[in-house]
Enquirer: 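Got a structure here, written out as structure tokens. Questions coming.
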Amino acid sequence: MQKGELLYEGKAKKIYRTDDPDVYLVEYKDDATAFNGLKKGTISGKGELNNRISAHFFHLLEEKGIATHFLEQVSEREMLVRTLEIIPIEVVVRNIAAGSLAKRLGLEEGTALPRPVVEYYYKSDELGDPMINDDHIAALNLATPDELAALKKTALTVNNILREYLAPRRLELVDFKLEFGRHRGKILLGDEISPDTCRFWDTRTGEKLDKDRFRRDLGGVEEAYREVWHRLAG
Ligand code: TMP
């Protein structure tokens, strides 16, 4: 597969065309940002680890019947994916109060939620990804009601699959963010699933093994990503 024109460069990934019009190549970078790009840094080894971790999760989800954009990992930091017309909604699923939910609702971080909470955010750097509801999504015509229902259902199924998979690996899935897109009339799960986009806590110690180590200057960022990979692969 020939790596073609650079189509888009985001904060953590670059997307290239390939010689197949149905396939993009994703390159994972070591760059990290937080707070809508206000905080910048690099996490050495992150690109390779997030590529591996995402490939691993996409493979698992495909096995369990979730349609994703993932095709194959082609190098240390590159994977091939199906082309997507991205739906500009970030779907967040939460099992335990943390981050912005803990802040907004005045809950102590670590408070278990009685059932998963699903939230939507409008993907817009200019606006700082504001939280939106189903009426906003209809008003902005971001997705049809049927599409939104499918997104929510799939996100909750992904939550169940990942929690069940991670529990014996001593990882608590606190919360995570998914993105979806349209490909030849079908909705596919896109983007990445990694410690950049999920909160993982050690089940026993509560140690944070995700990007919060970077956001909150906790140190040991690369080690945490590596630990997640070891628990998945080992
Ligand atoms: P939050 O608590 O900051 O709203 O984050 C919820 C989840 O979404 C958490 O697992 C991290 C993930 N996330 C992203 O993937 N990208 C983002 O830009 C933000 C703010 C959060």
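Note: hydrogens, waters and symmetry copies are ignored here, and every other heavy atom, side chains too, is used. Residue numbers start at 1 and run along the sequence shown. Read the numbers this way: they start at 1 and go in the same order the structure lists the ligands and their atoms.
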Enquirer: Considering only non-hydrogen protein atoms, determine which one is nearest to atom 7 (C) of ligand 1 and report residue, atom name and distance to 0.1 Å.
Expert: D175 OD1, 3.7 Å
Enquirer: Please go through V23's hydrophobic cluster and name the other residues, only I, L, V, M, F, W, Y counting, with side-chain heavy atoms under 4.5 Å joining them.
Expert: M1, L6, Y16, L25, L71, V74, L80
Enquirer: Distance to 0.1 Å, residue and atom name: give those for the protein heavy atom nearest to atom 15 (O) of ligand 1.
Expert: K177 CE, 3.0 Å
Enquirer: Taking N95 as the fixed residue, which of E172, R199, R163 is the one that meets the side-chain hydrogen bond (donor to acceptor under 3.5 Å, both in side chains) rule?
Expert: R163
Enquirer: Can you find a side-chain donor-acceptor pair between Y225 and D196 that sits under 3.5 Å?
Expert: yes
Enquirer: Measure D196 to ligand 1 on non-hydrogen atoms and call it side chain, backbone, both or neither using the 4.0 Å cut-off.
Expert: backbone
Enquirer: Nearest protein heavy atom to atom 17 (C) of ligand 1, by residue and atom, and its distance?
Expert: E90 OE1, 4.3 Å
Enquirer: Quick one about E192 and T197 (side-chain donor to acceptor, distance below 3.5 Å, no hydrogens or angles considered), yes or no?
Expert: no
Enquirer: What do you reckon, does R94 put a non-hydrogen atom under 4.0 Å from ligand 1?
Expert: yes
Enquirer: Just to verify, what does R231 make a salt bridge (charged side-chain N to carboxylate O under 4.0 Å, His left out) with, not counting sequence neighbours?
Expert: D202, E227
Enquirer: Have a look at R215, R199, K211 and point out the one with the heavy atom closest to atom 21 (C) of ligand 1.
Expert: R215
Enquirer: List every atom of ligand 1 that sits less than 4.0 Å from any heavy atom of G99, numbering the atoms from 1 in the order shown and giving each element.
Expert: 2 (O)
Enquirer: Between S100, A34, G128, flag the one that comes closest to atom 2 (O) of ligand 1 by a heavy atom.
Expert: S100
Enquirer: Taking C-beta and beyond as the side chain, do H56 and Y165 meet within less than 4.5 Å on heavy atoms?
Expert: yes
Enquirer: Any chain of hydrophobic side-chain contacts (each under 4.5 Å) joining L218 to L49?
Expert: no
Enquirer: Enumerate the atoms of ligand 1 whose separation from the nearest heavy atom of F176 is less than 4.0 angstrom.
Expert: 10 (O)
